[in-house]
Amino acid sequence: MRLVSIAFRDVKPKRFVLHPRLHISPRPFQLYGWRTQRFVPEVGKYARSHSSATPLNGSEDPVDILLSKSSDHIRATQEVPVREQKPEPPLLQKTELFGQWRALLTDPSRLAIESDFDRQGPSKEWPYLLLVDRFVNRKDLALWSCLLDYQRRINGDAGVRAVWGGLWGRKTLYDVQSPLALAFWRTFLEAALRLGDDKFLENIWVFSEWMYDRHGVKWPQLYSTVLSHFLRGRQHQSAIQWQLRLAPNFYPGAEEFASMIKQFANDPELYRTLEFLYVANSDHKLYDTLIPYLYDLGASQLAMNWRRVCVRHDDVPLAPVPSRPFLRFVQGYFPHEKLRPEEYDAIGDSNYQSTEVAEHVEISREFVNRVHGGTFGISVKNYNDRLGAKWLASSWVSLDIAISTISALGIEQIGPLSLQSIALREGTSEGVLNRIEQLRGKGITIEDSNYLRLMLYLAKIKDDELLLDLLNCDLHPDVFDDSELQTKLIVSAALSEDWITHRLILVARLVAMERSARETANALARIHILRKDRRGLAKLLDDMSTMKIILNQEQTNLIFDSFVTEAKSTFLHPDSLYFYLPICRQLMSMEIAVPIRCWRKFLFCLTRQNRMDDLEKLCVELVDAFSSSQSSRPGFVPVHPEDIPEPMRKPLFGVDNLLGVFVPVDLPTQTPLHPLRQIFDNKLLGTIVRYAFYPSLDKASEKIPALQINSRRYKAYNGSRVVRLLRLLRDRGLFLHKERVATYVKLRLMTLYGPGYPTKRILQAARASNSLTLPEMKALLDEAWGEELLPPVEKLKAEIEIRGEKEMLRNRRYLQSIGKTTPQLRVVL
């Protein structure tokens with residue numbers, strides 16, 4: 001049995017009339033005050049305010065509440081603001097839309113009578129039919145909107161429910177096309193959701209089924225409003241239940257569904273529920289909308305999860321550009337992930353193409369032209385900017401075809417006149433930037449000039465008005481490269497009051513001045529670097545950061561290469577160390593990525609020179625920078641181009657002044673190519689632990705007090721300080737196994753407590769300076785770790801004995817091979 005055939009219930013007005021057969025004409029209702037206008041101060045003239053979307057507290061936001069995965073109820077949690085949410089259309093209606101009922105809006109006494117559908121209040125003594133019960137008004141949405149607006153303003157949601165009670169049994173209204181319809185139907189729906197009245201909401205569902213079955217119209221935004229409400233409240237079971245109820249007849253389509261999913265997709269708690277909604281629907285077209293959106297937020301792991309779901313349902317990228325950065329990220333950091341052919345096409349991976357396609361790509365464009373030219377003796381012609389500008393300005397051919405034609409001819413660079421023709425046909429900042437990107441994608445560059453820089457400057461700041469003035473002015477592009485002529489033009493334009501030209505020249509001077517300032521600042525930075533003037537370079541970098549002047553790649557490479565070259569040995573002079581380290585820290589604060597090889601050199605130098613304070617500080621800074629960075633692009637962290645995977649680095653070849661690439665900060669640190677995994681590899685961690693157990697060079701005679709077991713003595717001993725540091729880094733996000741740390745420590749304890757005697761003098765000194773017993777040392781290291789790190793003393797002692805015997809045998813064989821004997825303790829002492 002269909003839902004619409006269910007009888008309507010719970011509507012028992014005192015004088016209930018569905019379709020009165022005899023129309024009794026009472027005393028005519030006088031619509032007085034026809035010129036009366038409703039004034040709403042906050043909105044404006046001729047406007048009426050209707051109920052808006054479901055209200056929240058001022059501190060709340062609709063989505064992104066993180067709860068436990070098993071919860072199906074609303075819980076009070078801290079909410080994360082949504083980066084993008086589809087704006088709701090305004091529910092403000094002009095009074096003129098109410099037609100003949102405009103005067104009724106200003107008559108509260110009559111509104112109270114006409115909205116008393118049960119005849120128990122003001123209309124109890126009213127001798128006439130209510131307006132809604134008259135046959136002529138049975139489908140009048142404007143009348144019902146008047147009554148609804150009054151009851152909502154006077155009685156709130158309870159008044160809305162009262163109007164619904166009157167509408168429920170009459171079953172005459174189904175208009176969804178009039179201007180008042182959207183606000184009218186949504187007011188009922190949102191009142192039911194706010195009240196949490198399941199019966200009210202189910203009645204709305206039954207009524208909407210009746211509207212769809214009998215009249216072929218759908219309740220506006222029923223699906224998205226109901227589902228969004230339950231998703232916002234973390235009511236997982238209710239969301240699934242209403243998905244099954246509404247999807248058959250009220251599914252809004254792929255676009256609106258994708259917009260709804262985007263509101264909640266960056267909340268991991270809702271992932272399973274959203275996945276069910278996606279799978280339950282028939283059309284699966286979410287890839288191009290959701291996955292690039294999540295990746296742009298920095299939620300790469302959620303994007304990967306959604307990609308797997310989409311691919312399982314044959315939902316693949318149809319538009320290659322939006323998903324290309326994400327797919328290159330996946331291909332680089334997760335090479336085990338198998339991509340679909342459509343995804344390879346989106347990346348533009350030539351390795352996936354067949355041999356025939358690859359050969360076709362190789363034999364194309366300028367290659368064919370040059371072969372033909374060499375065969376027939378035709379020399380290569382230079383590009384004529386004037387002719388090219390005329391071709392690109394021709395209106396009888398589309399701009400896409402014009403650009404493709406000059407690309408097929410093998411043209412590699414165009415001039416400013418051709419760029420002007422392209423920009424004139426676009427006319428907007430966004431269009432100009434897109435065309436420049438299109439030219440770059442086809443391998444066509446633009447001749448460097450002040451005209452190009454001025455156009456890019458205006459396009460990036462979205463000053464369309466001045467950009468059009470530039471494109472339509474009579475000045476030749478070469479004028480902007482002639483400073484003397486510009487000076488004369490400024491004077492003449494001011495005298496003739498040609499303020500458009502005057503303004504253009506001034507802005508061109510500003511852009512040229514910015515370029516000059518950048519070149520000067522970078523030249524000065526190079527001098528400071530070569531002279532190792534740390535104070536001067538630091539001040540210059542501060543000034544450049546304040547003025548938003550970019551440091552060129554040549555200068556950053558000079559800093560990095562000079563440091564690595566100078567730090568080839570295990571020792572770096574303190575003057576050099578404390579010149580490069582603060583500068584690299586300052587570059588990192590300016591979001592200029594420092595190569596991993598530099599950070600590793602710093603850590604090795606600090607470790608081998610026993611500078612524990614600086615080592616601890618730098619380790620914590622690096623882990624925080626790559627695991628919880630607060631960069632200018634939220635959710636991302638800059639990484640040096642040489643440290644990103646090949647699939648991400650390859651498309652960036654040829655990019656000018658590339659100082660770094662943004663990588664999602666939620667990339668798991670256990671990923672082999674994660675920056676932290678490359679910095680803190682096994683070699684570095686083992687070196688840090690090994691040198692921590694060596695005696696300090698400047699405090700070789702200092703020993704640990706042997707009778708302070710219960711105090712925090714790890715702060716005074718490098719071995720326990722390093723253990724504490726590793727635990728701190730692990731808690732801050734560094735991927736580090738507890739068992740591996742224990743292994744590093746056991747190897748050092750074998751030197752201090754193992755059988756025999758060490759062969760190296762530094763190990764002999766470490767053993768001689770140790771005054772702690774093995775149980776005391778274990779207690780000290782466990783305290784530094786924060787929990788039990790090492791096994792029980794007896795088991796630990798047995799492991800040390802076994803490892804020590806193997807090490808002694810290996811050392812004895814080595815000494816015998818070089819003709820020496822094992823050192824005796826009495827001889828050493």
Side-chain angles (χ1 to χ4, degrees), residues 62-64 66 80-86 224 227-228 231 251-349 352 437 441 633-637 639 644-645 647-648 650-651 661-668 671 673-674:
V63 300
D64 295 337
L66 302 178
V80 181
V82 186
R83 294 187 55 81
E84 179 179 334
Q85 184 173 351
K86 182 179 179 181
S224 56
L227 268 294
S228 296
L231 290 173
Y251 178 68
E255 184 177 354
E256 187 173 341
F257 177 75
S259 178
M260 183 190 73
I261 293 295
K262 282 172 62 176
Q263 298 180 30
F264 307 98
N266 58 341
D267 184 357
E269 173 63 22
L270 291 174
Y271 169 71
R272 292 298 177 187
T273 304
L274 297 177
E275 180 184 356
F276 176 85
L277 301 183
Y278 169 77
V279 174
N281 290 322
S282 57
D283 57 339
H284 300 127
K285 298 178 181 179
L286 202 60
Y287 195 112
D288 287 331
T289 303
L290 181 61
I291 293 177
Y293 167 76
L294 289 174
Y295 182 74
D296 288 340
L297 292 181
S300 64
Q301 299 312 297
L302 270 177
M304 289 190 64
N305 292 338
W306 274 106
R307 176 201 159 269
R308 297 188 187 104
V309 174
C310 291
V311 168
R312 282 201 303 266
H313 295 84
D314 294 326
D315 188 358
V316 294
L318 301 177
V321 175
S323 57
R324 186 172 295 161
F326 167 75
L327 291 174
R328 287 174 177 166
F329 165 79
V330 173
Q331 193 179 32
Y333 283 102
F334 304 95
H336 60 277
E337 286 282 337
K338 294 183 179 179
L339 302 182
R340 293 282 291 269
E342 295 85 357
E343 293 176 316
Y344 279 110
D345 293 339
I347 296 175
D349 190 354
Y352 181 76
E437 186 65 27
R633 185 180 180 186
F636 287 80
V637 59
V639 179
I644 61 176
M648 296 181 66
K650 185 177 179 180
V661 179
F662 280 103
V663 174
V665 75
D666 71 338
L667 177 67
T671 307
L673 293 180
H674 191 284

When rounded to the nearest 0.5 angstrom, what is the spacing between [atom1] in [X] and [atom2] in [Y]?
| X | Y | atom1 | atom2 | answer |
| --- | --- | --- | --- | --- |
| L294 | Q301 | CG | CD | 11.5 Å |
| E343 | L327 | CD | CG | 5.0 Å |
| S259 | Y293 | OG | OH | 9.5 Å |
| C310 | N305 | SG | CG | 11.0 Å |
| L297 | L302 | CG | CG | 9.5 Å |
| M648 | Q331 | CE | CD | 11.0 Å |

Before you tell me yes or no, could you show the steps for V309 and L286 under side-chain contact (heavy atoms from CB on, under 4.5 Å), namely the whole-Å CA-CA distance, both residues' side-chain angles and the distance that decides it to 0.1 Å? CA-CA 10 Å; V309 174; L286 202 60; over 6 Å; no
Non-hydrogen atoms of [X] and [Y] that approach each other most closely:
| X | Y | value |
| --- | --- | --- |
| K285 | A254 | CB-CB, 4.1 Å |
| G332 | L673 | O-CD1, 3.7 Å |
| Y295 | A303 | N-CB, 4.3 Å |
| E342 | P317 | O-CG, 4.1 Å |
| L270 | F264 | CD1-CB, 3.7 Å |
| N266 | Q263 | OD1-O, 4.0 Å |

Is [Y] close to [X] at the side-chain level, that is, under 4.5 Å between some pair of heavy atoms?
| X | Y | answer |
| --- | --- | --- |
| I347 | L339 | yes |
| L231 | L274 | yes |
| Y333 | P645 | yes |
| Y287 | V311 | yes |

Flag, side chain of D288 to backbone of P322, donor-acceptor distance under 3.5 Å: no
Which residue pairs pass the salt bridge (charged side-chain N to carboxylate O under 4.0 Å, His left out) test when at least one of the two sits in residues 313-329, sequence neighbours left out? D314-R340
Taking CZ in R633 as the centre, count heavy atoms belonging to other residues, nucleotides or ligands within less than 6.0 Å. Is the count above 12? yes
Can you tell me how the ring of H336 sits relative to the ring of F334, calling it parallel under 30°, perpendicular over 60° and tilted otherwise? perpendicular
Can you tell me how the ring of Y278 sits relative to the ring of W306, calling it parallel under 30°, perpendicular over 60° and tilted otherwise? perpendicular
Under the rule for ring pair (Phe, Tyr, Trp, His ring centres under 6.0 Å), what residues qualify as partners of F662, not counting sequence neighbours? none
